[in-house]
Amino acid sequence: MPTVQFTMRVDAELKASLEEEARREDISASQLAARAIRSHIGAKEAERAAIEAALIEADKGVFISEEAFTAWVSSWDTDNELPPPKPDIFPEQH
């Protein structure tokens with residue numbers, strides 16, 4: 001993919017850190033910055049997709065109660081660890 005010039009201002013400490021890390025990886029500082037930006041954008045896209053999926057699930061009205069969840073978490077690292085809880089709250093059927 002062809003590249004285009006992009007200029008940004010950073011503080012001196014960040015610039016020095018970027019240049020040092022780029023030197024360690026034997027790539028240019030701009031390549032490392034582009035990789036970091038790409039990674040950050042990818043993580044934000046994944047976060048938004050996870051939130052959207054969770055909202056779709058929440059709109060269905062099927063949940064695990066606080067009591068069931070708390071019992072499960074409280075059982076961790078005990079001799080009687082419980083399996084993950086199953087939904088126990090469902091939308092009312094009319």
Side-chain angles (χ1 to χ4, degrees):
M1 172 182 299
T3 61
V4 295
Q5 185 172 352
F6 179 76
T7 304
M8 61 187 284
R9 300 187 69 76
V10 297
D11 62 58
E13 185 179 331
L14 178 58
K15 182 177 185 268
S17 295
L18 178 67
E19 289 171 340
E20 176 61 21
E21 188 61 31
R23 185 192 61 74
R24 288 181 180 152
E25 293 193 28
D26 195 30
I27 61 174
S28 71
S30 62
Q31 286 174 305
L32 182 59
R35 186 187 302 166
I37 292 167
R38 190 174 293 113
S39 176
H40 179 77
I41 290 172
K44 295 305 274 185
E45 288 171 348
E47 179 182 14
R48 271 191 297 283
I51 290 169
E52 288 174 15
L55 288 171
I56 289 168
E57 278 299 306
D59 286 344
K60 293 177 184 176
V62 177
F63 298 96
I64 296 169
S65 66
E66 179 181 358
E67 295 81 11
F69 186 82
T70 300
W72 174 55
V73 171
S74 296
S75 77
W76 292 355
D77 292 327
T78 69
D79 292 335
N80 299 313
E81 190 166 312
L82 299 172
K86 296 191 184 315
D88 57 352
I89 298 175
F90 301 95
E92 292 184 26
Q93 302 294 326
H94 298 286

Taking the basic N atoms (NZ, or NE/NH1/NH2) and the acidic carboxylate oxygens, is any pair closer than 4.0 Å for E19 and R23? no
Between E21 and R24, does at least one N-O distance fall below 4.0 Å, as a salt bridge requires? yes
With a 4.5 Å cut-off on side-chain heavy-atom distances among I, L, V, M, F, W and Y, is there a chain of contacts connecting [X] to [Y]?
X: V62; Y: I89; value: no
X: I56; Y: I51; value: no
X: F90; Y: I64; value: no
X: L32; Y: I41; value: no
X: F69; Y: F63; value: no

Shortest non-hydrogen contact from G61 to P91? O-CD, 3.4 Å
Where I27 and R35 come nearest, the two heavy atoms and their spacing: CD1-NH2, 3.3 Å
Starting at CD of E47, measure out to CD of E52 and round the result to the nearest 0.5 Å. 11.0 Å
Atom CD of E81 with >12 non-hydrogen neighbours under 6.0 angstrom: yes
Taking side chain as C-beta onward, heavy atoms only, is D88 less than 4.5 Å from E67? no
Residues E57, K60; criterion salt bridge (charged side-chain N to carboxylate O under 4.0 Å, His left out); working and verdict: CA-CA 5 Å; E57 278 299 306; K60 293 177 184 176; 2.8 Å; yes
